[in-house]
There are 2 protein chains.
Amino acid sequence: MSLPYVILGLLQQRQRTGYDLKTECFDDCIAHLWQADQAQIYRTLDRLEAQGWVSCTVEIQHDRPNRKIYRITEAGDTELRQWLQSHQIPPIVREPLLVQLYFAAQIPNPAIIQLLEQELTVRQKKLAECEAVVIPAAENSTERQQQLHHLVLDLVTRREKTYVNWLQDAIATLQSQSQS
Amino acid sequence: MSLPYVILGLLQQRQRTGYDLKTECFDDCIAHLWQADQAQIYRTLDRLEAQGWVSCTVEIQHDRPNRKIYRITEAGDTELRQWLQSHQIPPIVREPLLVQLYFAAQIPNPAIIQLLEQELTVRQKKLAECEAVVIPAAENSTERQQQLHHLVLDLVTRREKTYVNWLQDAIATLQSQSQS
DNA sequence: TGCTATTATATGACTAGTCATACATGAGAC
DNA sequence: GTCTCATGTATGACTAGTCATATAATAGCA
């Protein structure tokens with residue numbers, strides 16, 4: 001599981017609350033990389049604290065609910081550094097659309113094409129989002145860090161491009177067959 | 001969840017046992033598309049039977065354990081046909097390697113490069129596997145079916161190619177930086 | 001004799017992730 | 001006056017998927 005390490009990485013940048021993590025990170029910059037549910041974030045923070053990889057102080061607020069501010073510990077830092085260099089098993093991708101296409105022989109061509117076009121719209125939007133991302137030259141971010149972020153964004157973008165191209169080709173193939 | 005529909009699709013081709021599904025399908029042709037655990041296959045078959053989408057007869061064997069032979073019902077066929085035409089939400093891909101790269105700024109370059117090269121080996125092997133797949137012109141498979149299978153395989157292959165290319169580029173980028 | 005493999009089904013225990021909802025406070029809208 | 005939104009944290013119930021292990025018969029190997 002990588003989520004604990006995503007959180008450790010984010011807490012290494014600076015201290016944050018669970019709410020910060022959700023709204024500043026997982027809804028934003030990291031979203032293309034690792035999506036996470038609010039419930040899961042809080043539960044993972046609990047686990048990280050129990051393991052001694054993060055520590056927590058409560059900030060009492062009177063106009064708003066109190067905040068639990070988390071920061072990475074030395075043990076957490078060591079753990080993160082080790083994880084960052086250890087081999088992780090690649091994810092298994094399960095694509096429902098491919099299953100549909102695989103078994104679609106009895107389905108009329110226009111219905112299949114419609115499915116693919118629906119997906120194309122979604123993917124084109126995602127691709128546009130990827131291409132719109134500007135990696136900020138934040139005060140504390142080094143050139144090296146920006147380069148790494150570019151590499152990450154590059155794969156995400158290429159992935160979407162590949163998908164879009166394939167969808168366009170697949171639609172063209174099926175359309176040419178419809179007409180013949 | 002698509003697994004029930006993968007199984008329906010496979011049972012539509014011909015009747016099978018849980019064991020058949022695992023050994024002939026999920027370990028083989030479908031593996032690039034949808035991986036499934038043996039436990040999950042059996043439990044899904046139970047659910048499909050309870051829903052009336054498949055039926056089952058027991059074949060008594062004396063030299064070996066009895067087999068439960070499953071076939072798709074008319075209700076199952078209708079259900080499958082509908083599912084095949086309904087929009088499925090695209091999967092969320094979570095790539096641990098990208099998380100590592102994103103937070104790798106403090107990690108020495110050679111360590112990062114090693115990670116990427118490890119992944120490159122894995123992905124090149126996968127790509128070779130994809131390219132080695134020959135879609136059989138089985139007796140009962142139509143030209144249309146083969147075309148669809150080609151489209152599916154095409155995306156899987158393109159996906160791996162994209163990954164391999166990106167890894168090579170990323171490694172080159174990091175290496176050039178190491179030397180400067 | 002004991003070890004492993006193949007064929008076949010089944011179950012318990014677990015992890016990762018999702019969805020809904022609860023609680024609490026203050027601010028602004030209608 | 002009520003309704004919703006933003007800020008915060010927390011929990012219960014669920015789904016999908018994984019891992020290990022049980023059962024049971026036969027066959028082959030050392």
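Naming convention: chains lettered A, B, ... in sequence-line order (proteins, then strands); numbering from 1 in each chain. Keep in mind it's a predicted model, so treat the numbers as computed, not measured.
- Of the side-chain N and O atoms in A:Q40, none sit less than 4.0 angstrom from OP1 or OP2 of C:dA16.
- Comparing B:T17 and A:W34, the nucleotide of DNA chain C nearest to each residue sits closer to the 5' end for B:T17.
- When rounded to the nearest whole Å, the span between CG of B:D46 and P of C:dT11 equals 7 Å.
- Here the closest non-hydrogen pair linking B:I112 and B:L174 is CG2-CD1, 3.6 Å.
- A:R67 and A:D20 are joined by a salt bridge, as a carboxylate oxygen and a charged side-chain nitrogen come within less than 4.0 angstrom of each other.
- The side chain of A:Y19 lies closest to D:dA6 when the candidates are D:dA6, D:dC19, C:dA8.
- Each of A:Q38 and A:R64 was matched to the nucleotide of DNA chain D holding its nearest heavy atom; the match closer to the 5' end belongs to A:R64.
- B:L80 pairs with exactly one of B:L8, B:V6, B:I7 by the side chain to side chain contact (heavy atoms under 4.5 Å, CB included) rule, that one being B:L8.
- The phosphate of D:dT9 has OP1 or OP2 within less than 4.0 Å of a side-chain N or O from A:Y42.
- Using a 4.0 Å cutoff on non-hydrogen atoms, no part of residues 87-104 of chain A comes near DNA chain C.
- Side chains of B:Y5 and B:E79: a donor on one and an acceptor on the other come within 3.5 Å.
- When rounded to the nearest whole Å, the span between CD1 of A:I60 and P of D:dT9 equals 13 Å.
- The NZ atom of B:K22 sits 11 Å away from the C1' atom of D:dT18 (whole-angstrom rounding).
- The distance between atom CG of B:L45 and atom P of C:dT9, rounded to the nearest whole Å, is 9 Å.
- Side-chain nitrogen and oxygen atoms of A:Q61 include at least one within less than 4.0 Å of the OP1 or OP2 phosphate oxygen of D:dG8.
- Among C:dG17, D:dG12, C:dT25, the nucleotide with an atom closest to any side-chain atom of A:A39 is D:dG12.
- Checked against C:dA20, C:dA10, C:dG17, the side chain of A:L3 finds its nearest nucleotide in C:dG17.
- Rounded to the nearest 0.5 angstrom, A:E160 CD and A:Q124 CD are separated by 11.0 Å.
- By the 6.0 Å contact criterion, CD on A:E59 is enclosed, its count of non-hydrogen atoms from other residues, nucleotides or ligands being greater than 12.
- As a whole-Å value, the separation of A:M1 CE from D:dG17 P is 18 Å.
- Atoms CD1 (A:I41) and C1' (D:dG8) sit 13 Å apart, rounded to a whole Å.
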Stepwise, does the salt bridge (Lys or Arg N to Asp or Glu O under 4.0 Å) test hold for B:E95 with A:R159?
CA-CA 12 Å; B:E95 198 94 45; A:R159 205 150 63 184; 2.8 Å; yes
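- Atom-to-atom, CZ of A:R43 to P of C:dA22 comes out at 16 Å; the value is rounded to the nearest Å.
- Atoms CD1 (B:I69) and P (C:dT7) sit 16 Å apart, rounded to a whole Å.
- Between A:S2 and B:K68, the residue anchored closer to the 5' end of DNA chain C is B:K68, taking for each the nucleotide with the nearest heavy atom.
- At a threshold of 4.0 angstrom between heavy atoms, the contacts of B:Q35 with the nucleic acid are absent.
- By the neighbour-count criterion of 12 heavy atoms within 6.0 Å, atom CD of B:Q114 is sparsely surrounded, having that number or fewer from other residues, nucleotides or ligands.
- OP1 or OP2 of D:dA16 has at least one side-chain nitrogen or oxygen of B:R47 nearer than 4.0 Å.
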